[in-house]
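First the structure, in the form of structure tokens, and then the observations on it.
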Amino acid sequence: MAKLRIAVIGLGRIGKMHLKNLMILPDQFQVVGIADPTEENLQAVVDQYHLPYYSADYHELLQKDDVDCVLIASATDTHAQIIKDAARAGKDIFCEKPLDTDVARIKSLLAIVDECGVKLQVGFNRRFDHNFWRIHQCVTDGSLGTPQIIKISSRDPEPPSLEYVKRSGGLFFDMMIHDLDLIRYLSNSEVEEVTAKGAVLVNPQIGELGDIDTAIVTLKFSNGALGVIDNSRQAVYGYDQRAEVFGNKGMAKADNDRNSTVELDLKDASKLDKMPYFFIDRYQQAYLSELTAFHNSIVNDESVMASGNDGLRAVQLALACQKSLETGQSVKIVY
Ligand SMILES: NC(=O)c1ccc[n+]([C@@H]2O[C@H](COP(=O)([O-])OP(=O)(O)OC[C@H]3O[C@@H](n4cnc5c(N)ncnc54)[C@H](O)[C@@H]3O)[C@@H](O)[C@H]2O)c1
């Protein structure tokens with residue numbers, strides 16, 4: 001199996017996690033470099049992992065012949081430019097979600113990726129989760145019949161920093177983007193119309209930045225099904241991640257993963273184990289699987305499982321949600 005030499009661009013919360021995961025996939029990847037403009041941060045990581053190349057400027061890594069591919073985990077507003085530069089340098093690309101928040105910019109970067117003939121996989125890790133993959137399989141093999149109702153609840157245990165919120169693109173682009181992709185994946189259908197409601201119920205400072213921290217979106221699909229997604233930036237009990245597909249032959253639902261499946265029954269109460277606190281714990285298996293899938297798609301020259309087009313579709317839906325929130329009207333999706 002060919003080992004790919006990879007550089008990680010952006011070493012914040014998720015970049016560091018991906019770096020650690022790449023290190024535990026030594027048959028598939030060799031990390032050869034990292035780039036992040038925060039010097040102090042970089043030096044600590046380089047010392048820890050003894051990496052050959054590092055730079056504050058990612059362009060330097062793109063010039064290296066012994067970099068086969070890149071993993072982009074920098075701030076959202078840098079993704080489009082880095083993707084274009086990496087594609088032009090002939091590197092295969094794994095990029096965190098969202099690709100960008102602007103449809104024209106995404107279409108332009110997809111054209112460049114296409115022209116350069118490199119792979120582009122988007123970090124929609126939930127497609128690789130064991131539970132959600134199983135529901136997708138039940139829809140695909142027809143066990144549930146025709147999907148009629150699809151429900152996703154997705155709630156974070158705590159809001160991100162205000163600094164992060166400022167560069168995130170807002171709740172629909174930063175948080176619900178995962179659920180907008182997942183609901184397409186679970187339904188095997190395109191969304192035709194969305195209606196969004198939003199509120200600031202967690203932190204007024206998020207509202208002062210022009211964002212929301214709570215949202216409910218209803219969706220109509222081209223196969224006739226209806227869907228609903230709810231998001232909150234703060235669930236006091238942990239990272240709440242559930243999904244359900246109801247069809248005319250049955251229903252499949254994934255409840256929260258817990259640290260164990262033990263049910264504890266006591267004299268006055270019954271208890272379940274806690275759910276994992278946040279995304280790094282909850283989706284550890286999915287984050288590893290998405291990297292393995294990226295590796296396989298490159299070495300076997302196969303399609304990626306979360307494509308640039310999937311990234312575009314999710315952003316088109318996020319834009320429609322934003323418009324619906326602003327106008328108070330349902331919004332039809334123009335693809
Ligand atoms: N798939 C997931 O579950 C998931 C989870 C969290 C974040 N994300 C996405 O990952 C991205 C990063 O999120 P985060 O939480 O790690 O943010 P973060 O703020 O912790 O880290 C971002 C990092 O990017 C670096 N950076 C900024 N400009 C750069 C540039 N030009 N070149 C290289 N590095 C640059 C910053 O210095 C910082 O270290 C965002 O797009 C976010 O939407 C995905």
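Side chains are part of it too, since the values below use all heavy atoms of this structure and drop only hydrogens, waters and symmetry mates. Note that ligands are numbered from 1 as they come in the structure, with each ligand's atoms numbered from 1 the same way.
- When heavy-atom distances to ligand 1 are checked against a 4.0 Å cut-off, A73 comes that close only through its backbone atoms N, CA, C and O.
- By the criterion of a heavy-atom distance under 4.0 Å, both the backbone and the side chain of I14 are placed next to ligand 1.
- Looking at M305 and Q121, their side chains never come closer than 4.5 Å, going by heavy atoms from C-beta outward.
- Residue-level proximity to ligand 1 for L11 is carried by the backbone, the only part with a heavy atom below 4.0 angstrom.
- Residue contacts with ligand 1, taken as heavy atom pairs separated by less than 4.0 Å, do not involve Y283 at all.
- In terms of polar-atom proximity, Y58 is not counted as a contact of ligand 1, lacking any N or O under 3.5 Å from an N or O of the ligand.
- Protein heavy atom at the shortest distance from atom 6 (C) of ligand 1 is F279 CZ, 3.7 Å.
- Using a 4.0 Å heavy-atom cutoff, F124 is absent from the residues neighbouring ligand 1.
- Across every non-hydrogen atom of V139 and L186, the tightest pair is CG2-O, 3.2 Å.
- Contact annotation: for F173 versus ligand 1, there are no heavy atoms closer than 4.0 Å.
- When hydrogens are left out, the protein atom nearest atom 38 (C) of ligand 1 is D36 OD2, 3.5 Å; that is the closest non-hydrogen contact.
- Residue contact check for ligand 1: K16 places no non-hydrogen atom closer than 4.0 Å to it.
- Residue-level proximity to ligand 1 for A35 is carried by the backbone, the only part with a heavy atom below 4.0 angstrom.
- Which parts of ligand 1 touch G123 is read off a 4.0 Å heavy-atom cut-off, strictly below it: atoms 1 (N).
- At least one test fails for R13 against the ring of F279: distance under 6.0 Å to the centre or angle within 45° of the axis.
- Annotation: E96 places an N or O atom under 3.5 Å from an N or O atom of ligand 1; distance criterion only.
- Protein heavy atom nearest atom 9 (C) of ligand 1, with residue, atom name and distance: K97 O, 3.6 Å.
- Annotation for ligand 1: atoms under 4.0 Å from non-hydrogen atoms of Y287 are 2 (C), 3 (O).
- The existence of a salt bridge linking K151 and D230 is excluded, since no basic side-chain nitrogen approaches an acidic carboxylate oxygen closer than 4.0 Å.
- Looking at K253 and D255, no side-chain N of the basic residue comes within less than 4.0 Å of a carboxylate O on the acidic one, giving no salt bridge.
- Among all protein heavy atoms, the one lying closest to atom 30 (C) of ligand 1 is P37 CD, 3.8 Å.
- Residue H79 places a heavy atom less than 4.0 Å from ligand 1.
- Atom CG of N248 is surrounded by more than 12 heavy atoms from other residues, nucleotides or ligands within 6.0 Å.
- Close approach of ligand 1 to N125 is summarised as follows: ligand atoms under 4.0 Å from at least one heavy atom of the residue are 1 (N), 2 (C), 3 (O).
- Of all atoms in ligand 1, listed by their number and element, those nearer than 4.0 Å to a heavy atom of T76 are 40 (C), 41 (O), 43 (O).
- Annotation for ligand 1: atoms under 4.0 Å from non-hydrogen atoms of T38 are 37 (O).
- One finds no salt bridge joining D181 and R313 here, because no Lys/Arg side-chain nitrogen approaches an Asp/Glu carboxylate oxygen to under 4.0 Å.
- Other residues, nucleotides and ligands place more than 12 heavy atoms under 6.0 Å from the CG atom of L272.
- In terms of the salt bridge (Lys or Arg N to Asp or Glu O under 4.0 Å) criterion, residue partners of D179 (sequence neighbours excluded) are, by chain and number, R126.
- Looking only at protein heavy atoms, the nearest one to atom 31 (N) of ligand 1 is T78 CG2, 4.0 Å.
- In this structure, K84 places its NZ atom where more than 12 heavy-atom neighbours from other residues, nucleotides or ligands lie under 6.0 Å away.
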